[in-house]
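To start, the structure under review is shown below, and the notes come after it.
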Amino acid sequence: MDKEQRFVALIEEYQRVIYKVCSVYAPDRSRIDDYFQEVVLALWRGFDAFRGESKTATWVYRVALYTCISFVRRRMRRPQSVRLTVDIKDEEPSETRERIDELYRVIGRLGRLDKALILLWLEERSYDEIAEITGLKANNVAVRLSRIREKLRKMYNR
């Protein structure tokens with residue numbers, strides 16, 4: 001398998017993950033696509049340099065998070081709300097969809113690092129994995145996530 005085929009396979013495998021990260025940072029569908037393209041470009045640029053010292057998923061998350069954060073900084077604009085637009089199955093009840101949309105809108109009001117942390121936690125990443133991706137210490141991740149979850153509870157129940 002040549003380099004391009006390996007890269008396409010990587011993007012296909014992690015497409016949902018990339019879209020989830022992008023959906024947290026982008027305020028609307030057109031921007032999600034822009035963010036997605038930026039992430040894919042960043043992954044392509046770093047593809048040869050990835051030595052496999054961390055898990056592939058960790059590398060993809062890290063690139064996606066840092067690319068989206070940089071994209072937000074470049075646009076000098078923080079999203080006020082976020083809509084979840086990644087492959088929600090048609091058979092899910094509309095009430096579930098509404099709850100998911102509301103959760104992502106509330107998450108969209110968090111700071112950049114808090115968004116990244118809660119997104120990784122929702123993806124059921126371990127504290128150690130989250131620490132590796134974000135550059136924080138695992139115990140710091142645990143404390144911050146506890147505070148973020150409490151903040152989300154308060155924001156969600158308003």
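Counting from 1, the numbers follow the sequence of the chain as shown.
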So, taking the atom named [atom1] in [X] and the one named [atom2] in [Y], what distance separates them when rounded to the nearest 0.5 Å?
{"X": "Glu124", "Y": "Ile130", "atom1": "CD", "atom2": "CD1", "result": "10.5 Å"}
{"X": "Cys22", "Y": "Gln37", "atom1": "SG", "atom2": "CD", "result": "10.0 Å"}
{"X": "Ile11", "Y": "Ile18", "atom1": "CD1", "atom2": "CD1", "result": "4.5 Å"}
{"X": "Tyr127", "Y": "Asn140", "atom1": "OH", "atom2": "CG", "result": "12.0 Å"}
{"X": "Leu110", "Y": "Lys115", "atom1": "CG", "atom2": "NZ", "result": "7.5 Å"}
{"X": "Arg125", "Y": "Lys55", "atom1": "CZ", "atom2": "NZ", "result": "7.5 Å"}

Below 3.5 Å, can you tabulate the donor-acceptor pairs from side chains in residues 141-152 to any protein atom, sequence neighbours excluded?
residue : atom : partner : partner atom : Å
Arg144  : NH2  : Asp114  : OD1          : 3.3
Glu150  : OE1  : Arg153  : NH1          : 3.0
Lys151  : NZ   : Asp114  : OD2          : 3.3

Is there side-chain contact between [X] and [Y], with heavy atoms separated by less than 4.5 Å?
{"X": "Leu41", "Y": "Thr67", "result": "no"}
{"X": "Leu117", "Y": "Trp121", "result": "no"}
{"X": "Tyr14", "Y": "Val40", "result": "no"}
{"X": "Leu119", "Y": "Ile107", "result": "no"}

TODO: Can you sort out the partners of Glu53 under side chain to side chain donor-acceptor pair (under 3.5 Å), two or more places apart, ordered by chain and number?
DONE: Arg51
Task: Test item: side-chain donor near acceptor, Glu129 and Tyr61, under 3.5 Å - done: no
Same hydrophobic cluster for [X] and [Y], using side-chain heavy-atom links shorter than 4.5 Å among ILVMFWY?
{"X": "Tyr66", "Y": "Val21", "result": "no"}
{"X": "Leu113", "Y": "Val24", "result": "yes"}
{"X": "Leu122", "Y": "Val60", "result": "yes"}
{"X": "Ile69", "Y": "Ile32", "result": "yes"}
{"X": "Val17", "Y": "Phe7", "result": "yes"}

TODO: Look at the side chain of Thr58 and the backbone N and O of Ser54, then say whether any donor-acceptor pair between them is shorter than 3.5 Å.
DONE: no
Task: Main-chain N/O of Leu10 paired to Glu13 side chain as donor or acceptor, under 3.5 Å - done: no
- [ ] Tell me, with the steps shown, if Tyr25 and Tyr35 meet ring pair (Phe, Tyr, Trp, His ring centres under 6.0 Å).
- [x] CA-CA 8 Å; Tyr25 288 92; Tyr35 284 41; 7.5 Å; no
- [ ] Give the minimum heavy-atom separation between Val39 and Cys68, together with the two atoms involved.
- [x] CG2-SG, 4.0 Å
TODO: Please work out whether the ring planes of Trp59 and Phe50 are parallel, tilted or perpendicular, with thresholds of 30° and 60°.
DONE: parallel
TODO: Evaluate the criterion side-chain contact (heavy atoms from CB on, under 4.5 Å) for residue pair Asp33 and Tyr19; output intermediate values, then yes/no.
DONE: CA-CA 8 Å; Asp33 292 339; Tyr19 266 110; 3.6 Å; yes
- [ ] Give every residue pair that meets the salt bridge (charged side-chain N to carboxylate O under 4.0 Å, His left out) criterion with at least one member in residues 1-11, sequence neighbours excluded.
- [x] Lys3-Asp48
